[in-house]
Amino acid sequence: MGTLSPLLTVMTDVAGRAGRALNRDFRDVEHLQVSKKGPSDFVSIADHKAEEIIYERLNEARPGYGFLMEERGIAEGTDKSHRWIVDPLDGTLNFLHGMPHFAVSIALERDGELVAGVVYNPATDEMFHAEKGRGAWLADRRLRVSGRKHFDESVIATGMPWSGRKGHAQFLTELHKVMPHTAGIRRMGSAALDLAWVAAGRYDGFWERNLKSWDIAAGIVLVKEAGGWVAELDDQPDILETGNIVAGNEAIQAELKNRLTA
């Protein structure tokens with residue numbers, strides 16, 4: 001991609017700034033102050049700091065746009081057509097345990113349609129970005145979803161709710177429907193990066209339930225612009241509302257969805 005559009009220039013710059021702040025804390029993670037929000041659900045000073053950077057920079061670059069953010073929540077803007085959907089730190093548990101698999105995720109919604117997305121892993125300095133009609137990219141390399149057609153050769157990513165949380169029993173049932181028929185299942189702990197890796201062809205497919213819109217919004221744009229398919233698992237009209245997602249190339253996504261809902 002020769003040059004980034006003005007929109008993606010803003011988004012990648014902001015993701016990079018937030019990511020650099022996260023990286024500084026990541027190198028000193030054992031001393032990071034952490035408060036517990038709930039079972040297996042943490043929020044850190046680093047999380048809040050990254051979100052504040054994103055909010056301030058995006059607000060400055062596009063005054064009036066609304067926000068939906070993991071920690072801040074909903075911030076109405078004067079421009080009712082545009083809304084940023086932001087997760088400042090997807091993969092918090094990985095981050096807190098010193099695992100270099102976490103991401104900043106920023107998406108833009110225009111009149112209810114997702115039109116741009118950025119997923120940035122500051123630990124590896126991988127900046128995935130996509131804009132409607134302009135393709136999906138990793139830095140300056142064009143991304144395409146996997147070309148595999150055979151399910152038994154595919155590697156599928158997923159997320160697992162902890163025991164006792166909503167959907168745990170259903171996940172185990174679905175896992176048994178899928179796992180024996182694949183080359184492997186991966187659970188890496190960041191839905192944003194899972195979708196970015198589907199767009200990059202590293203994973204052949206991905207499914208998970210009960211995610212939040214900020215977990216998947218940017219990744220949806222990436223997968224679609226990389227030639228992939230994204231669907232709501234139960235054919236509900238609003239995937240951002242339910243958070244039940246299945247993605248992949250055309251063949252693998254279709255078979256994965258069929259196996260999960262059979």
Side-chain angles (χ1 to χ4, degrees), residues 1-27 46-47 49-62 65 67 69-70 84-92 94-95 99-110 114-146 157 186 188-203 206 213-228 230 247:
M1 193 174 188
T3 56
L4 292 173
S5 70
L7 173 60
L8 279 180
T9 298
V10 167
M11 293 174 70
T12 55
D13 177 69
V14 171
R17 288 174 183 268
R20 286 190 291 275
L22 288 173
N23 247 354
R24 287 192 291 271
D25 285 324
F26 184 65
R27 290 194 293 267
D47 204 331
K49 188 191 304 179
E51 187 170 90
E52 194 61 28
I53 291 170
I54 295 168
Y55 179 79
E56 289 180 358
R57 294 289 179 175
L58 289 181
N59 213 20
E60 179 182 331
R62 295 292 189 272
Y65 283 21
F67 286 84
M69 310 183 83
E70 183 181 15
W84 301 110
I85 303 176
V86 176
D87 190 343
L89 176 53
D90 186 56
T92 304
N94 287 346
F95 180 90
M99 301 177 191
H101 194 79
F102 56 90
V104 178
S105 177
I106 303 173
L108 179 65
E109 188 179 58
R110 178 181 295 137
L114 294 171
V115 296
V118 170
V119 174
Y120 178 52
N121 182 346
T124 60
D125 195 30
E126 289 191 315
M127 181 78 73
F128 301 88
H129 55 86
E131 188 173 359
K132 185 181 178 183
R134 296 175 63 90
W137 302 78
L138 172 54
D140 60 355
R141 179 169 66 86
R142 184 75 180 257
L143 298 180
R144 296 296 298 176
V145 293
S146 162
R186 299 291 182 266
M188 298 289 282
S190 168
L193 282 173
D194 286 340
L195 287 165
W197 283 24
V198 170
R202 298 175 184 176
Y203 291 141
F206 167 73
S213 56
W214 48 78
D215 297 322
I216 58 177
I220 287 172
V221 184
L222 284 163
V223 172
K224 288 182 175 180
E225 286 299 313
V230 180

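This one's a predicted model, so the numbers in the text were calculated from it and none came from an experiment. Only heavy atoms go into these numbers, but all of them, side chains included; no hydrogens, no water, no symmetry mates.
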Engineer: Tell me, do W84 and L108 make a side-chain contact under 4.5 Å, heavy atoms counted?
Structural biologist: yes
Engineer: Going by heavy atoms in the side chains, are H129 and M11 under 4.5 Å from each other?
Structural biologist: no
Engineer: Go through the structure and list residues passing side chain to side chain donor-acceptor pair (under 3.5 Å) with R20, not counting sequence neighbours.
Structural biologist: none
Engineer: Distance-only criterion, 3.5 Å: show the donor-acceptor pairs between side-chain atoms of residues 192-202 and protein atoms not counting sequence neighbours.
Structural biologist:
residue: R202; atom: NH1; partner: E126; partner atom: OE1; Å: 3.2
residue: R202; atom: NH2; partner: E126; partner atom: OE2; Å: 2.8

Engineer: Going by salt bridge (charged side-chain N to carboxylate O under 4.0 Å, His left out), name the pairs with one or both residues in residues 213-227, residues two or more places apart or in two chains.
Structural biologist: none
Engineer: To the nearest 0.5 Å, how far apart are CE in M99 and OG in S190?
Structural biologist: 13.0 Å
Engineer: So, do I85 and W214 sit near enough that their side-chain heavy atoms are less than 4.5 Å apart?
Structural biologist: yes
Engineer: Under 4.5 Å between any side-chain heavy atoms of T12 and Y120, yes or no?
Structural biologist: no
Engineer: Would you say the side-chain atoms of N94 pair up with the backbone N or O of F102, donor to acceptor, closer than 3.5 Å?
Structural biologist: no
Engineer: Please list, chain by chain and in numerical order, all residues satisfying salt bridge (charged side-chain N to carboxylate O under 4.0 Å, His left out) with D125, sequence neighbours excluded.
Structural biologist: none
Engineer: Report yes if the side chains of D90 and V119 come closer than 4.5 Å at any heavy-atom pair, otherwise no.
Structural biologist: no
Engineer: Suppose we screen for ring-ring contact (aromatic ring centres under 6.0 Å, His included). Which residues come up paired with Y55, at least two apart in sequence or across chains?
Structural biologist: F67
Engineer: Side chain to side chain donor-acceptor pair (under 3.5 Å) with T124: which residues, sequence neighbours excluded?
Structural biologist: N121
Engineer: If you define the side chain from C-beta out and look only at heavy atoms, does anything of F95 sit under 4.5 Å from D25?
Structural biologist: yes
